[in-house]
Number of protein chains: 2
Amino acid sequence: MAATLHDVAKQAGVSIKTVSNVVNGYTNIRPETRARVQEAIDDLGYQPNLSARSLRSGKSGVIGLVLPELSLSYFAELADAVIARAATHGLVVLVEQTGADREREIAVLSSPRMRLTDGLIFSPLGMGQEDAGFLEVDYPVILLGERIFGGPTDHVTMRNVEAARAATELLLAAGRRRIAVVGAHRDETLGSAALRLEGYRQALEAAGVDYDPALVSFTTLWHRANGAASMRALLESGVGFDAVFGLNDALALGAMRVLQEKGLRIPSDVAVIGFDDIDEAQYMVPSLTTVDPGRTAIAETAVDLLVERLALGGREAPRREILVDFDVIARESTPG
Amino acid sequence: MAATLHDVAKQAGVSIKTVSNVVNGYTNIRPETRARVQEAIDDLGYQPNLSARSLRSGKSGVIGLVLPELSLSYFAELADAVIARAATHGLVVLVEQTGADREREIAVLSSPRMRLTDGLIFSPLGMGQEDAGFLEVDYPVILLGERIFGGPTDHVTMRNVEAARAATELLLAAGRRRIAVVGAHRDETLGSAALRLEGYRQALEAAGVDYDPALVSFTTLWHRANGAASMRALLESGVGFDAVFGLNDALALGAMRVLQEKGLRIPSDVAVIGFDDIDEAQYMVPSLTTVDPGRTAIAETAVDLLVERLALGGREAPRREILVDFDVIARESTPG
DNA sequence: TTGAAAGCGCTAACAA
DNA sequence: TTGTTAGCGCTTTCAA
């Protein structure tokens with residue numbers, strides 16, 4: 001049986017309160033008392049019971065991270081950064097996967113399973129603007145991504161439109177005019193896909209290049225396999241193109257694989273650019289030009305905002321909308 | 001303020017025990033009572049307080065997953081599978097990263113931060129056989145990996161030696177005789193690196209091929225970057241080789257990148273095989289021949305074993321050592 | 001500076 | 001079938 005505050009108090013010949021004070025590092029304790037208590041703690045191998053502490057204090061020291069799936073490299077690297085940052089605040093992270101499914105995303109927000117977290121970092125992929133109401137919960141939520149804007153919570157996101165525009169402009173600057181897009185979503189006006197497509201269109205328009213819908217291929221989840229399938233469809237459709245904008249890196253890498261299967265050279269025949277700057281992008285052949293959307297900054301900002309909310313202890317504070325900076329990283333898959 | 005059992009009981013005009021019974025799905029309740037209680041629960045939006053439940057019952061419904069880092073695709077995919085399997089048991093997963101650092105691995109085992117987990121799935125990379133004693137803790141631990149054998153806990157691992165031997169044999173069968181190894185660790189007799197190297201040596205010996213230490217390159221963490229660096233060193237050393245065994249996929253992919261930079265053709269000049277079968281392996285150009293070490297089976301077995309231990313409620317049971325099956329998956333990076 | 005005691009919300013033993 | 005009650009281990013007033 002694990003030792004409790006009582007056991008320590010008895011052994012040290014002090015009251016339970018004094019032990020608690022020592023454990024929690026309060027200052028006003030006579031040094032010899034502290035020493036005696038500490039000795040008893042070490043002796044008994046006392047470890048505080050976090051459930052009891054949490055019940056009493058209303059805080060568990062656990063935050064939740066809700067994301068589509070860890071098998072998507074972007075989210076794995078995001079989770080890595082979130083957990084690392086949380087650790088610097090003394091917080092641990094409970095990770096939930098939703099499979100990008102709207103129902104599961106909504107369910108997790110009111111799930112008793114998540115009730116022992118003090119707050120949530122929430123990255124939906126299935127919910128849409130019309131679901132913003134579900135974010136009204138009685139614990140702090142930091143929203144990530146671009147499925148919902150102007151919701152009731154803090155929000156950390158990237159400059160999708162500007163970044164996608166910059167990516168497209170890099171291709172245009174290289175003289176490419178027939179730029180295919182892999183990964184668009186149908187009937188969306190919000191979400192990463194829609195926003196990045198918007199950036200693409202803005203860049204075309206600014207350059208005086210016509211938008212050709214035949215160059216845009218649609219898919220659902222942004223896996224490598226879907227990038228490969230989309231590229232096959234584009235090639236079979238016979239529509240000509242001299243560049244590809246993968247709306248994320250996994251799509252771009254899947255597409256690149258198919259281009260090379262078909263004997264097309266990158267970047268001379270077809271230039272390729274991605275989005276996310278996942279680690280593997282730089283080890284491909286050719287290495288993938290991409291956009292660093294500020295993933296680490298997003299993760300760290302999200303944790304920091306959540307910690308601030310937690311410190312508020314439920315008091316109201318204006319919601320914040322944070323946009324992190326991006327970077328276009330030129331590698332071998334684009335000319336120049 | 002969130003509703004409690006008391007509030008629900010008052011509203012429904014029953015005792016707190018009855019509400020508890022309804023919440024926990026006990027059977028012996030009159031239907032109309034149940035209905036009345038359920039109505040009050042819905043009405044008040046009652047959600048059980050998990051800290052209180054956990055304090056009282058001694059179980060939190062949370063398991064811990066301790067791994068080196070989520071940025072390594074192997075561990076991201078492992079975590080994905082662990083979380084998914086845990087969900088089928090109604091458990092949530094707290095993820096901790098150790099950075100493959102021995103001190104941090106040891107620390108996490110006795111960390112109060114992990115005290116609210118019911119048990120741990122523990123995948124060390126820094127600890128060694130001599131640290132087995134640290135695994136003697138008063139909660140269930142399922143050990144993963146091959147750093148410690150014969151320890152006090154259940155253990156789920158892969159057939160490293162046999163799988164590495166099979167991988168090497170595939171290269172030998174293709175007529176390769178100068179097989180370089182990327183990712184070996186110095187002065188190790190245990191651990192994935194040592195075991196896979198052992199499998200490599202066994203295959204060579206069985207085929208009557210001499211072991212040439214000059215073909216073995218050493219590194220630390222199994223990142224793509226280290227695979228690339230090792231391959232550069234091998235090429236600069238001038239030692240001739242016609243095949244490469246990357247001790248994991250990330251290393252193999254990093255190596256493959258450098259081979260192609262240098263204008264070597266895969267597999268005609270140099271065949272490449274990896275280990276792990278991470279998702280991206282099949283989208284490389286050429287796609288990577290590799291070993292599927294049974295990652296999903298490991299994850300699911302680990303969760304199931306932990307759930308069994310949890311059900312035991314601390315009663316003794318013989319420790320188990322589980323070896324999952326592997327598969328060699330031939331793709332384009334090897335001939336034939 | 002330290003102690004006594006209440007109570008966080010729940011489960012489970014026991015009673016009715 | 002339902003109610004009463006003790007107490008899990010801790011933090012936190014309030015008092016000494």
Side-chain angles (χ1 to χ4, degrees), chain A residues 1-38 40-41 44-62 112-118 138-139 313-314, chain B residues 1-38 40-41 44-62 90 112-113 115-118 138-139 313-314:
Chain A
M1 206 51 224
T4 72
L5 277 190
H6 268 103
D7 302 330
V8 177
K10 195 185 301 176
Q11 167 128 350
V14 298
S15 85
I16 170 178
K17 174 65 199 323
T18 303
V19 183
S20 175
N21 284 343
V22 171
V23 169
N24 292 295
Y26 288 169
T27 41
N28 289 344
I29 307 173
R30 203 155 0 112
E32 58 252 41
T33 313
R34 175 188 300 280
R36 198 145 37 91
V37 170
Q38 189 58 53
I41 287 176
L44 295 169
Y46 169 76
Q47 299 248 340
N49 178 317
L50 296 192
S51 297
R53 179 177 283 181
S54 157
L55 170 60
R56 181 61 234 220
S57 68
K59 319 235 116 286
S60 64
V62 181
R113 298 169 67 215
M114 293 308 269
R115 293 295 296 184
L116 54 69
T117 58
D118 293 335
D138 56 1
Y139 52 85
Chain B
M1 205 49 221
T4 73
L5 277 189
H6 269 101
D7 302 330
V8 176
K10 193 185 302 176
Q11 166 127 351
V14 298
S15 86
I16 171 180
K17 175 66 197 329
T18 304
V19 182
S20 175
N21 285 342
V22 171
V23 169
N24 292 294
Y26 289 169
T27 43
N28 289 341
I29 307 172
R30 199 150 10 105
E32 59 252 39
T33 312
R34 176 189 298 280
R36 198 146 35 92
V37 170
Q38 190 57 54
I41 287 176
L44 295 170
Y46 168 75
Q47 299 247 342
N49 179 317
L50 297 191
S51 298
R53 179 178 283 179
S54 158
L55 171 59
R56 182 59 234 223
S57 68
K59 320 234 115 282
S60 65
V62 181
R113 298 170 66 215
R115 293 294 296 185
L116 54 67
T117 58
D118 294 334
D138 57 0
Y139 52 84

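A, B, ... follow the sequence lines: proteins, then strands. Residue 1 opens every chain. Side-chain atoms are counted along with the backbone in the values below, which use heavy atoms only and exclude waters and symmetry mates. Quick caveat, the model's predicted, so the values are computed rather than measured.
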Point to revise | Interatomic distance, A/R36 CZ vs C/dG3 P [rounded to whole Å] | key: 8 Å
Exercise for review: Consider the side chain of A/R30, meaning its heavy atoms from C-beta on, and name the nucleotide among D/dG9, D/dT2, C/dT1 that approaches it most closely.
Suggested key: C/dT1
Review point. What's the closest nucleotide to the A/T18 side chain, out of D/dT4, D/dG9, C/dG3?
Key: C/dG3
Revision key, fill the gap. Between CZ of A/R53 and C1' of C/dC10 the distance, given in whole Å, is 20 Å
Point to revise | Min side-chain heavy-atom separation A/Q47-B/D138 under 4.5 Å | key: no
Review point. B/R56 has an atom CZ; how far is it from atom P of D/dA6, in whole Å?
Key: 12 Å
Check your understanding: Could you give the distance from CG (A/N49) to OG (B/S54), rounded to the nearest 0.5 Å?
Key -> 7.0 Å
Exercise for review: Kindly say if B/S20 contacts the phosphate of C/dT11, meaning a side-chain N or O under 4.0 Å from OP1 or OP2.
Suggested key: yes
Practice item. Starting at NZ of B/K10, measure out to OG of B/S15 and round the result to the nearest 0.5 Å. Key: 14.0 Å
**Study point:** Minimum-distance nucleotide to B/L55 side chain [options: D/dC8, D/dG3, D/dT5]
**Key:** D/dC8
Revision key, fill the gap. When rounded to whole Å, the CG to C1' distance for the pair B/D7 and C/dC10 reads 13 Å
Check your understanding: Taking OP1 and OP2 of C/dG9, is either one under 4.0 Å from a side-chain nitrogen or oxygen of B/T4?
Key -> no
Check your understanding: Atom CD1 of B/I16 and atom P of C/dA13: how far apart are they, to the nearest Å?
Key -> 16 Å
Revision key, fill the gap. To the nearest angstrom, the CD-P distance between A/E32 and C/dT2 comes to 8 Å
Review point. Taking NZ from A/K17 and P from D/dA15, how many angstroms apart are they, rounded to a whole number?
Key: 14 Å
**Study point:** Whole-Å gap separating P (C/dG3) and CG (A/N21)
**Key:** 10 Å
Point to revise | Nucleotide of C/dT11, D/dG9, C/dG3 approaching A/N49 most closely (side-chain heavy atoms) | key: D/dG9
Check your understanding: So what does B/T33 touch, heavy atoms closer than 4.0 Å: a base, only the sugar-phosphate, or nothing?
Key -> sugar-phosphate
Practice item. Find out whether B/R36 and B/T18 are in side-chain contact, i.e. whether some heavy atom of one side chain is under 4.5 Å from a heavy atom of the other. Key: no
Point to revise | A/L55 CG to A/L116 CG distance, which is reported to the nearest 0.5 Å | key: 12.0 Å
Exercise for review: Answer with base, sugar-phosphate or nothing: what part of the nucleic acid does A/S57 contact at a heavy-atom distance below 4.0 Å?
Suggested key: nothing
